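Report on one structure; see the data block that follows.
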Amino acid sequence: MGSILIHAAEQGFAYGIAALGVFITFRILRFPDLTVDGSFVTGAAIASSLLTSMGVDPFLALAVAFGAGCVAGAVTGLLHTRLGITDLLAGVLSMIMLYSINLRIMGKPNISLLRVTTLSDVVEKALSPLGAVALLVVLAGLTFLIKLVLDAFFRTEFGLALRATGDNEAMIVSQGVNTKSMKVFGLALSNGLVAMSGALVAQYSGFADVGMGVGTIVTGLAAVIVGGSLIRSRRIGWMTASVLVGSLIYRVAVMFALRYGYLIGFQASDLKLVTSLIVIVALVIPTVRERLMRKVGSC
Amino acid sequence: MLDVQGVEKRFRSGADEVLALAGIDLHLDRGDFLTVIGSNGAGKSTLLHVICGVLLPTTGRVRLGGVDVTCAPAYRRARRISRIVQDPMKGTAPSMTVAENLALASKRRGRTLRPAISRRRRAAFVDRLSDLGVDLTTRLDDPVSTLSGGERQALAVAMATLSCPDLLLLDEHTAALDPKNAERIVELTRAFVEESGLTTIMVTHNMDQAIELGNRLAMMHKGQFVHEVRDEAKRRARVCDLVELFSRRHVADDELLLDPA
């Protein structure tokens, strides 16, 4: 049981970086960005290819994946802001383009990392005294470091302008901010994080698969919404913390579902259906609550 | 300071074309304070939008301090032009705090990766707010969405004036407020404009306000300036004079929809 919880926590942090990316587009920019389903795989594909063909340092592979994700996000941003394609469609187009690009990068639909040195191998070797929690400590540290950097960034002059772009675009234009550039930047940052998360997950699970990104937006949203309903704060530090808490809870729940779900007739393949249903319920609750209030109250 | 030459603005084209601005020429010297009155649809707001860059004119030029800004994007013009709009919800970022909104307004170019709110800046915000007599100094860390309409508009005035712009555009910025708050905001605006000598254009439906404030007054109708008074003539102007003047200019009274109170 303990080791399973450790695994769930490791995944919570590894996927938590992607959830932070989704948080940036969904909550900060209020831009429903579907690029992430593609850019998650792009990160995994690039890291895997670098590791298998060139034996690149596993941490360097994360950085390269981040850069590639930034490019993917910027493309979506430019499609939307410069070419006037609606936000959803811009993301879908990027996602579909990335499917082909990811296959190009990988050369085949699936790359195994069992025979190469991955981040997990490096960490377990370097921190062997820590035993079973070595990887968890590193993943938690890395994710928390990213959270702190994001917190600091969102308190800078530039970061504040990015937040205001999502909050009140017309107002921030009249304060001298080029909101088009801001959106491109925010989408790039978001997808960079998502791709980095994909690179981490690939190294962690020992393979990259061209279909591994399906539903990244939904699992990311699940983390954002679950965390946001537990920790209600407008302070940026608490908001990012809530995303990570949400991601951890989500992964633990998934672990239990996969382990005991068969008792109530679930299969592992039902996971995405259940996750989406949870997100739907979470999104609908405010509307339903208001309707109930109206019914109960005199108005 | 500001030169608007032969500006026309057409919305849509073909049969249902609307000529919102029908040849506007306007020159403001530094320190001029122009109030603009006119009925709904006279083109007052459209004119402000063309000046600040939210709309591009169909023909004509806009120059600011000798520089042609006709095609410059709104965010770039915002480095020199401040604007306060009618709706208190629209002039501020609601989910961000008072201090964060002020920080957004205190620097309009070259935003860096330095912390937006330093201790020094907080102190400066408190000074600025108390200079303006805005009672928000204890609420710096409250989200703007918790402020009342009047408080938000007071914050908007503080934000518009924080970065010392060259030109201030007021688009019926008191119209959504109750009379008491409206008066406070007008006082705030007057005090600031007089003290700083800021070049200002104020659009209003309130004739008393238009007469009371500024050194120039212009009347717009169907996308054109139909009358202007300034300086001595403006000081002597009374509401009834203006109403008569305008009706003599073949502008029917019922079209004016002016609020004489």
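Per chain, numbering begins at 1; letters A, B, ... match sequence-line order. No hydrogens, no waters, no symmetry mates; every other heavy atom, side chains included, goes into these values. Given the structure is predicted, the values throughout are model-derived calculations rather than measurements.
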Of all heavy-atom pairs between B/Ala93 and A/Asp167, which one has the smallest distance, and what is that distance? C-OD2, 3.1 Å
Which atoms of A/Ile236 approach chain B - backbone, side chain, both or neither, heavy atom under 4.5 Å: neither
Tell me if the CZ atom of A/Phe144 is crowded by more than 12 foreign heavy atoms within 6.0 Å. no
Atom NZ of residue position B/Lys90 - does it have more than 12 heavy atoms of other residues, nucleotides or ligands inside 6.0 Å? no
Other residues, nucleotides, ligands: >12 heavy atoms within 6.0 Å of B/Asp68 CG: yes
Identify which part of B/Pro94 has an atom lying under 4.5 Å from any heavy atom of chain A, answering side chain, backbone, both or neither. both
Could you pull out the closest heavy-atom pair between B/Ala78 and A/Ser174, with the gap in Å? CB-O, 3.5 Å
Non-hydrogen atoms of A/Val177 and B/Tyr75 that approach each other most closely: O-CB, 3.2 Å
Most heavy-atom pairs under 4.5 angstrom with chain A, which of B/Met159, B/Arg111, B/Arg80? B/Arg111
Enumerate by number any residue of residues 73-95 of chain A whose heavy atoms lie under 4.5 Å from heavy atoms of chain B; in the absence of such residues, state 'none'. none
Rounding to 0.5 Å, atoms CZ (A/Arg234) and CE (B/Met96) come to a distance of 11.5 Å
How about B/Met89: does its CE atom have over 12 heavy atoms from other parts shown lying under 6.0 Å from it? no
If you take all heavy atoms of A/Met171 and B/Asn101, which pair is closest and at what distance? CE-OD1, 3.6 Å
Can you tell me if B/Arg108 has over 12 outside heavy atoms packed within less than 6.0 Å of its CZ? yes
If you count heavy-atom pairs under 4.5 Å with chain A, which of B/Gly91, B/Gly53, B/Gly110 comes out on top? B/Gly91
Counting only heavy atoms closer than 4.5 Å, note whether B/Ser145 contacts chain A via side chain, backbone, both or neither. side chain
Within the structure provided, determine whether B/Arg79 and A/Gln175 are in side-chain contact (heavy-atom separation under 4.5 Å). no
Which region of B/Thr92, side chain (C-beta onward) or backbone (N, CA, C, O), has a non-hydrogen atom less than 4.5 Å from a non-hydrogen atom of chain A, or is it both or neither? backbone
Atom CD of A/Glu290: over 12 foreign heavy atoms under 6.0 Å: no
Using a heavy-atom cutoff of under 4.5 Å, enumerate the residues of residues 151-162 of chain A that contact chain B, numbered in order, or state 'none'. A/Phe153, A/Arg155, A/Thr156, A/Glu157, A/Phe158, A/Leu160, A/Ala161
Shortest non-hydrogen pair, A/Arg235 vs B/Asp141, comes out as NH2-CB, 4.5 Å
For the candidates B/Thr97, B/Ile81, B/Val85, B/Leu104, which exhibits the highest count of non-hydrogen atom pairs separated by less than 4.5 Å from chain A? B/Leu104
